[in-house]
Structure formats: C-alpha cells, structure tokens
Asker: 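My questions all concern the structure below.
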2 protein chains.
Amino acid sequence: MPGDLAYDPSDSQALARRLRALHVRVTSQRLLVLEALAAHRGHMTAEEVMRWAAPRFSGLNLATVYRTLELLVSLGLVAQTDLGGEATAFELVGGAPHHHLVCESCGAVIEMDDSLFQSLRSDVQRRYGFDARSRHIALFGVCRDCRSAAAASETDTR
Amino acid sequence: MPGDLAYDPSDSQALARRLRALHVRVTSQRLLVLEALAAHRGHMTAEEVMRWAAPRFSGLNLATVYRTLELLVSLGLVAQTDLGGEATAFELVGGAPHHHLVCESCGAVIEMDDSLFQSLRSDVQRRYGFDARSRHIALFGVCRDCRSAAAASETDTR
DNA sequence: GTGAGTGCAAATGCTTTGCAGACGT
DNA sequence: ACGTCTGCAAAGCATTTGCACTCAC
C-alpha cells in the first residue's frame, strides 16, 4: 500500500537478491543501511542511519555508512537530496517520484508530487534547452501551519 | 543597462550610504566585499571574494568575509544559494529576480527568469498551503551544449 | 570613549581517505 | 584464494567561534 517498490524493502532476502542482481557484494552492513532507510520511511542523514543501525550491529562504522550510501546512490537504489540542513539527506528510491518542500520555520519536510514540477521542467527545456534531471529538489518557504500560527500571533500582539 | 539597482554597486560612496541607511557601520572590509560581488557580476563563493579582495586590502581575513556575507544576506543586499558545489554561492541582490540552472556536466550556471517559477509557486501554494519564498533555487541537469555534445559523440562512437 | 567589527588561531561538523585486516564470492 | 569491503584513525574542507585589539561612530 505505502509504496510500489519492485521488492519488499523490509525483507532482507529480497534486498540481498536485489544487490546481487546489480553485481555488488552482499554484506550485512549494506543490508542494514537499506533496512534502516526502509524502516525510517523518508529521508535520513548518514548519522541517523548510523544511530538506527549501530544497536543492531555493533562495530558498524560511520565511514562505512557513508561509503555504502554513496554506492547505493550510484546504483540508483537511493536518492540523495540537500534539504538545507547541515547534513545530506538520503532516501530509498521507489514509490511516486517527488520533491521536497522544506519549512524554514518548523523544519517540516513535505513531499511534493513530481507532477507539479513537470510544467516548469518543460518550460525550462523550451526556453533554455536545459534538461532538468528529476533529481530531488528542495523548495524552501513556510508551511501552512506556520503561516497560520504566524498570522494568529500577529493578531494577538497587536 | 545591465541591472537596475537603486544604487551603483561600483561606487563605494553609494555603497557606504546604502549601509549607513541600514544602520550598520561602514568599514572598508564591508565595502570591499560588496565591490567584489559587484565586480564579479554573478555568484561567488566566500573564497572567491577573498581572492578578489585580498590583493586590494592586505590583512583581510576569510572569517571576516564570512561574517560580512552573513550580515549582507541578513540585510537583504546579498542572496545566498547552494549551487551544489562544495561552497555556498553569494550574489548581489538587484536586477531581475532569477534562479539557477546548474549543468552537472560542464558546471555552467544559467540564470532562469523567476517568471518561469511562478506557476509552480502558486501550484504549491494551492495544493499544499506552502508558501515558497523567492530565495534562489537551483535546478540540476544538463545544458543545451552538453546535450548536443553528448548526442554528437554518441553518433561518433557508434 | 564605547561598543561593534576585525584578525588570528583554534575548533567545529560533515565527509573522505589510507591502510591493514576481514569476509563474500 | 582473490579481490573487495570494512574498521579505525587521521585528514580534509567549508564554515564558525572565542578572544583581545582596533576603529567607526
């Protein structure tokens, strides 16, 4: 229901098969990173993956997490996005393509359907001959909740 | 002709007046950073500002450049954008509002008119109640030149 | 004169890398 | 067995910060 991956991301058997199909070695560290991303559903920093995985595999190293994420990104299994925070965000590829709306006030991250982005993409193509890759994009601004909160407090203080 | 600032950015007298109007102290370091951005016309990293300014003011410090850029951003005189490189890009505010198309192949940065972005902005507003601020945005992809170059070489090698 | 601004150097936080040993194939 | 992957520790890089001194006001 939640996604429509070609494999079940919480099934390590399936993950292993998936990796093998891509001609890379299957290690417990790699499976663990994938499971972390699957469990957390949504974006995670390398540090967060580490915190989730470490209790399940003592000895796991942050450098390995970084190397693994880099590998998974190059394999196309994981998407990498800069959400404006200090650390880079990673998330499992699959489900509907989307981008991110980042609230500068509360930090919330809203998933924006990729369809909204299509017309800008074709405009940019037509006008500049520029082919915008569907790499995840982040727009910064203020979310609905923070806007109404701000409006309310403005009324109060006045 | 090139821009339509309310002041001439290459005239340090005007820059000084501008700063004073905003109630901040006028120092040669601040003027120099502004002049650097004005001279370079377009985006610069802190390091680039430093390289431009250092010969003109020995003793200038990179930390000061960072502090100054941060101040200018908070005053609204300078815009800050993450163009995907390692360092953050800064540019003088003024002229037509725009965003950036960054070619992942050759590194070129094309300025995209803000008008193209308006419909996405209103869609996002309508659909998610999210108010996308006009903070500069970067889209990543492949520029026209690199696309045709790629197409050409593909024909060659085949 | 006074507090904000600056230079200097050290610290920070994320990320990468060199190397020796461990492990998947 | 082979070559890749990992852990460890140290380095790298952009950016920030503490502190004493300086300068714009």
Side-chain angles (χ1 to χ4, degrees), chain A residues 12-13 15-36 43-51 53-75 77-78 80-90, chain B residues 12-13 15-36 43-75 77-78 80-90 138:
Chain A
S12 47
Q13 299 278 323
L15 292 175
R17 245 176 285 123
R18 183 88 170 144
L19 288 178
R20 234 179 303 263
L22 290 163
H23 311 296
V24 296
R25 294 191 178 175
V26 178
T27 67
S28 25
Q29 291 88 336
R30 288 175 180 178
L31 290 176
L32 209 53
V33 169
L34 280 170
E35 284 171 31
H43 47 84
M44 295 176 88
T45 64
E47 198 73 58
E48 286 166 343
V49 169
M50 185 63 187
R51 275 202 294 277
R56 268 153 263 240
F57 186 119
S58 68
L60 179 64
N61 194 278
L62 187 55
T64 303
V65 171
Y66 273 106
R67 279 188 285 229
T68 302
L69 287 169
E70 183 190 9
L71 172 77
L72 296 174
V73 167
S74 75
L75 293 176
L77 295 180
V78 166
Q80 184 174 7
T81 319
D82 176 14
L83 295 181
E86 22 276 1
T88 308
F90 298 86
Chain B
S12 48
Q13 301 277 322
L15 291 175
R17 245 176 284 122
R18 183 86 171 149
L19 287 178
R20 235 180 302 264
L22 290 164
H23 311 297
V24 295
R25 291 190 181 178
V26 178
T27 67
S28 23
Q29 290 89 336
R30 288 176 179 178
L31 291 175
L32 208 54
V33 169
L34 280 169
E35 283 171 31
H43 47 84
M44 295 177 90
T45 64
E47 196 74 55
E48 286 166 343
V49 169
M50 186 63 187
R51 274 203 294 279
W52 187 92
R56 269 153 260 241
F57 187 117
S58 69
L60 179 63
N61 194 278
L62 187 54
T64 303
V65 171
Y66 274 106
R67 280 189 283 231
T68 303
L69 286 170
E70 182 190 8
L71 172 78
L72 296 175
V73 167
S74 75
L75 292 176
L77 294 180
V78 166
Q80 184 174 8
T81 318
D82 176 14
L83 295 182
E86 20 277 2
T88 308
F90 297 87

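Predicted, not measured: the structure shown is a model, and the values here were computed from it. In the text below, chain A, chain B and the rest are named by the order of the sequence lines, each starting its count at 1.
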Asker: Just jot down the side-chain contact (heavy atoms from CB on, under 4.5 Å) partners of L22(B), sequence neighbours excluded, or say none.
Answerer: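 L22(B): side-chain contact (heavy atoms from CB on, under 4.5 Å) contacts with L75(B), L77(B).
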Asker: Where do V26(A) and A16(A) come nearest, in terms of heavy atoms and distance?
Answerer: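 Minimum heavy-atom separation between V26(A) and A16(A): CG2-O, 3.6 Å.
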Asker: Reading DNA chain D 5' to 3', which nucleotide is the first, and which the last, to come under 4.0 Å of any heavy atom in chain B?
Answerer: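 Result: dA14(D) to dC25(D).
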Asker: To check you understand the geometry: which heavy-atom pair defines the closest contact between T88(A) and T81(A), and what is its length?
Answerer: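 That closest heavy-atom pairing would be CG2-O, 3.6 Å.
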Asker: Compile the donor-acceptor pairs under 3.5 Å between side chains in residues 52-68 of chain B and protein atoms, sequence neighbours left out, one pair per line.
Answerer:
| from | atom 1 | to | atom 2 | distance (Å) |
| --- | --- | --- | --- | --- |
| R56(B) | NE | W52(B) | O | 3.0 |
| R56(B) | NH2 | W52(B) | O | 3.3 |
| N61(B) | OD1 | A63(B) | N | 2.8 |
| T68(B) | OG1 | T64(B) | O | 2.7 |

Asker: For the pair R30(B) (side chain) and R25(B) (backbone), establish whether a donor and an acceptor sit closer than 3.5 Å, ignoring hydrogens and angles.
Answerer: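 Such a contact is found between R30(B) side chain and R25(B) backbone.
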Asker: Just the rounded figure in Å: distance from P of dA4(C) to NE2 of H23(B).
Answerer: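 It is 15 Å, rounded to the nearest whole Å.
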Asker: Looking only at non-hydrogen atoms, find the nearest pair between L15(A) and E35(A) and report the distance.
Answerer: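 Scanning both residues, the minimum pair turns out to be CD1-CG, 3.7 Å.
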Asker: Hey, could you give me the CD/CG distance between Q13(A) and L31(A), rounded to the nearest 0.5 Å?
Answerer: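 It comes to 9.5 Å.
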Asker: What is the distance from CZ of R20(A) to C1' of dG24(C), rounded to the nearest Å?
Answerer: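 R20(A) atom CZ is separated from dG24(C) atom C1' by 9 Å.
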Asker: How close or far is atom P of dG24(C) from atom CD of Q29(A), stated in whole angstroms?
Answerer: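 In whole Å, dG24(C) P lies 8 Å from Q29(A) CD.
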Asker: Over all strands shown, is V26(A) touching base, sugar-phosphate only, or nothing at heavy-atom distances under 4.0 angstrom?
Answerer: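 Sugar-phosphate only.
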Asker: Nearest 0.5 angstrom please: L69(B) CG to M50(B) CE, how far?
Answerer: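 L69(B) CG to M50(B) CE: 11.5 Å, rounded to 0.5 Å.
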Asker: Which residues pass the side-chain contact (heavy atoms from CB on, under 4.5 Å) test with V73(A), sequence neighbours left out?
Answerer: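 For V73(A), the residues satisfying side-chain contact (heavy atoms from CB on, under 4.5 Å) (neighbours in sequence not counted) are V78(A), Q80(A), F90(A).
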Asker: Base, backbone or nothing for each nucleotide of nucleotides 10-23 of chain C, written B, S, -, heavy atoms under 4.0 angstrom, 5' to 3'?
Answerer: ----SBBBB-----
Asker: Would you mind reading off the distance between R30(B) atom CZ and dA4(C) atom P, rounded to a whole angstrom?
Answerer: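 Atom-to-atom, R30(B) to dA4(C), this comes out as 11 Å.
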Asker: If an axis is fit to five pairs at each end of the helix from dG1(C)-dC25(D) to dT25(C)-dA1(D), what is the angle between the two, to the nearest 10°?
Answerer: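 That helix gives 30° between its end axes.
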Asker: Is the phosphate of dG7(C) approached by T64(B) (side-chain N or O, under 4.0 Å from OP1 or OP2)?
Answerer: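 Checking dG7(C) against T64(B), a side-chain N or O does come within under 4.0 Å of OP1 or OP2.
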Asker: Say whether, by atom type as modelled, one donor and one acceptor occur between the side chain of T45(A) and the main chain of E48(A) under 3.5 angstrom.
Answerer: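 Present.
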